[in-house]
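Working notes, structure below.
Residue numbers begin at 1 in each chain, while the letters A, B, ... track the order of the sequences.
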2 protein chains.
Amino acid sequence: MNDQSSKKGETKEVIVEAARQLFFEQGYTATGIAQILKRSEVNSGSLYYFFPTKEDLLAAVLERYKGMLWPMVLEPAYTRVTDPIERIFAVLHGYRMLLLGTDFRLGCPIGNLALEMSNSHPQVRNLVVENFNGWRAAIAQLITEASDRLPQDIDAESMSFFVLATMEGAVMLARAHQDISPFDSAINSLRDQFDRLIQDGSTWSTPKGA
Amino acid sequence: MNDQSSKKGETKEVIVEAARQLFFEQGYTATGIAQILKRSEVNSGSLYYFFPTKEDLLAAVLERYKGMLWPMVLEPAYTRVTDPIERIFAVLHGYRMLLLGTDFRLGCPIGNLALEMSNSHPQVRNLVVENFNGWRAAIAQLITEASDRLPQDIDAESMSFFVLATMEGAVMLARAHQDISPFDSAINSLRDQFDRLIQDGSTWSTPKGA
DNA sequence: GTCTATAACTCGATAGAC
DNA sequence: GTCTATCGAGTTATAGAC
C-alpha cells in the first residue's frame with residue numbers, strides 16, 4: 001500500500017486519456033508527444049517512465065478502447081431497446097450521434113487507426129483486430145439471438161463483418177462529406193437488407209399469412 | 001512550343017507520381033518531402049517550384065486519382081463483363097485483387113486520405129469527395145441500367161453510397177486482419193442483398209413462375 | 001515517480017546562384 | 001526550371017538531479 005510518490009497513482013491514466021483524445025482527433029502520426037504532455041499536464045520524464053516509446057502509448061490507448069466497448073458503445077444502446085435487431089441499429093445510431101455531436105470531426109477511433117497503422121506496426125494492427133473482434137462478437141451475438149426470424153443459412157460471423165464494414169464505410173463517407181446523408185443512406189440500406197432477411201426467414205417460422 | 005529548360009516537361013508528373021505512391025503506401029503525414037525527392041530523383045528546388053506547399057502536392061495527387069478512375073478502376077472491370085450488376089461486383093473484385101497482390105498493404109487510396117485528412121484540410125476534403133462522387137456516379141449508372149430487375153423504390157444514388165461504404169469498410173477490415181475473408185464476407189453479403197432485390201423486383205416485371 | 005535541460009534528428013520550406 | 005546549402009521549428013527520446 002505504498003503511495004508511490006506525489007499525487008495519486010493516476011498519472012499513467014491521465015497520459016493515456018490525453019493521448020487517446022489527441023490520436024482520435026488528429027491521428028497517431030500527426031500528434032506529437034509535446035501535445036500529449038501539454039494536454040495531460042505531465043512532464044516528459046513521467047511519460048517516458050511509463051511508456052518507453054510512442055508506440056507503447058498507442059498500445060495502451062488501444063487497450064483502453066477494448067475496455068470502453070461495453071460502457072460507451074454497447075450499454076447505452078442496449079438500455080434504449082431490447083430487441084436484438086433493434087440493438088444492432090441502436091449501436092449504429094450511437095455513431096450517428098457522435099458524428100452529429102462533433103460536427104463530423106470524430107467517427108470511429110479504431111477505423112481511423114486501422115487505416116493509418118495497418119501496414120507498418122504489427123503489434124498495433126493486432127490490437128486493432130482485437131477491438132474489431134470485440135465489436136463484432138457483440139453484433140454476432142445479437143444476430144444469433146434473432147436467428148429464429150432470419151433465414152437458416154445466415155452466418156452470424158460473416159454477417160457481423162458486413163455490419164462492421166458498412167458502419168466503418170458509412171462513418172468515413174459522412175466525415176468526408178461533412179454531411180450525415182451518406183451515413184443514413186448506407187445504414188438505411190443495411191436496415192432494408194435485414195427487413196428482407198426477416199421476411200424471407202419468417203416464411204418458414206412464423207408465416208405472415210397463416 | 002518552347003521547351004522550358006533541360007529534359008522533357010515531365011518533372012512535375014514524376015513528382016506527383018512519386019508522392020502518390022508514397023501517400024498511398026504510408027499516408028500523407030507519415031510521408032516526408034525528403035522521401036518524395038528521393039523516389040522522384042528531383043531536388044528540393046524543383047519540387048517547391050511546382051508545389052509551394054506539401055498540401056498543394058496532395059491536391060495534385062487527388063486530381064490525378066480522378067483521372068485514374070476510368071482506366072484503372074472501371075475500364076478493366078467493364079471489359080471483363082457486360083451485365084451492369086456484374087460490373088459492380090467486377091469493380092469490387094478489382095480491390096480484392098489489389099489487396100491480395102500487395103499482401104494487404106494497399107487498399108483504397110481515397111479512403112485512406114478521407115480518414116486521415118477529413119478534419120483538418122478543407123480543400124483536400126473537397127477533392128476526396130469529388131473522387132468518391134466519380135466512383136459513385138459510375139455505380140449509380142450501373143444500378144440505373146439494371147433498374148428493370150430491381151424494386152421500383154430503389155434509389156440509385158442512395159444505393160451507391162451503400163456500395164461504396166461497404167467496399168471501403170471491407171477493404172479496411174481485410175487490411176487490418178491481413179486476411180481476405182472479412183472482405184469476402186462483406187462483399188458476399190452485399191451480393192446476397194442484390195440477389196434478394198432482384199428476386200423482389202422480378203415479381204412485378206418478369207415473374208419466375210409465369 | 002517527477003523534474004528540467006537537451007541531444008540527435010527530421011520536418012516543411014526558403015535563398016540565391018546558375 | 002534546377003541546383004546546393006541551410007534555416008528555424010518541431011520531432012522522439014534521453015540524462016541526471018531530486
Calculate the interatomic distance between [X] atom [atom1] and [N] atom [atom2]; express it in whole Å.
X     : N      : atom1 : atom2 : answer
A:Y48 : C:dC3  : OH    : P     : 16 Å
B:I15 : D:dG1  : CD1   : P     : 11 Å
B:L22 : C:dT10 : CG    : C1'   : 16 Å
B:E13 : D:dG1  : CD    : C1'   : 16 Å
A:E41 : C:dC3  : CD    : P     : 11 Å
A:F51 : D:dT12 : CZ    : P     : 15 Å
A:Q35 : C:dC11 : CD    : P     : 17 Å
B:L37 : C:dT10 : CG    : P     : 15 Å

Listed nucleotide nearest any side-chain atom of [X], set [options]:
X     : options               : answer
A:A34 : D:dT11, C:dT2, D:dA13 : D:dT11
A:T53 : C:dT2, C:dG12, D:dA13 : D:dA13
A:K54 : C:dT2, C:dA13, D:dT12 : D:dT12
B:Y49 : D:dG1, D:dT4, D:dA13  : D:dG1

With a non-hydrogen cut-off below 4.0 angstrom, is A:T29 in contact with a base, only sugar-phosphate, or nothing? nothing

So B:G45, base contact, sugar-phosphate only, or nothing? Heavy-atom distance under 4.0 Å. base

Rounding to 0.5 Å, atoms CD1 (B:I36) and NZ (B:K54) come to a distance of 6.5 Å

Rounded distance [0.5 Å steps], OH in A:Y95 versus CG in A:L100: 15.0 Å

Is B:N43 near enough to D:dT2 that one of its side-chain N or O atoms lies under 4.0 angstrom from OP1 or OP2? no

Look at B:S44 and C:dT14 and indicate whether a side-chain polar atom (N or O) is within less than 4.0 Å of OP1 or OP2. no

Note: B:V171 and B:C108 closest approach over all heavy atoms is CG1-N, 3.8 Å

A:F50 to A:T11 - nearest heavy-atom pair and separation: CE1-CG2, 3.8 Å

Taking for A:P52 and for A:A30 the nucleotide of DNA chain D with the nearest heavy atom, the one nearer the 5' end belongs to A:A30

Using only modelled atom types and a 3.5 angstrom limit, is any donor from either the side chain of A:T11 or the base of C:dT2 paired with an acceptor on the other? no

Would a 4.5 Å heavy-atom cut-off, applied to side chains only, mark B:L115 and B:M172 as touching? yes

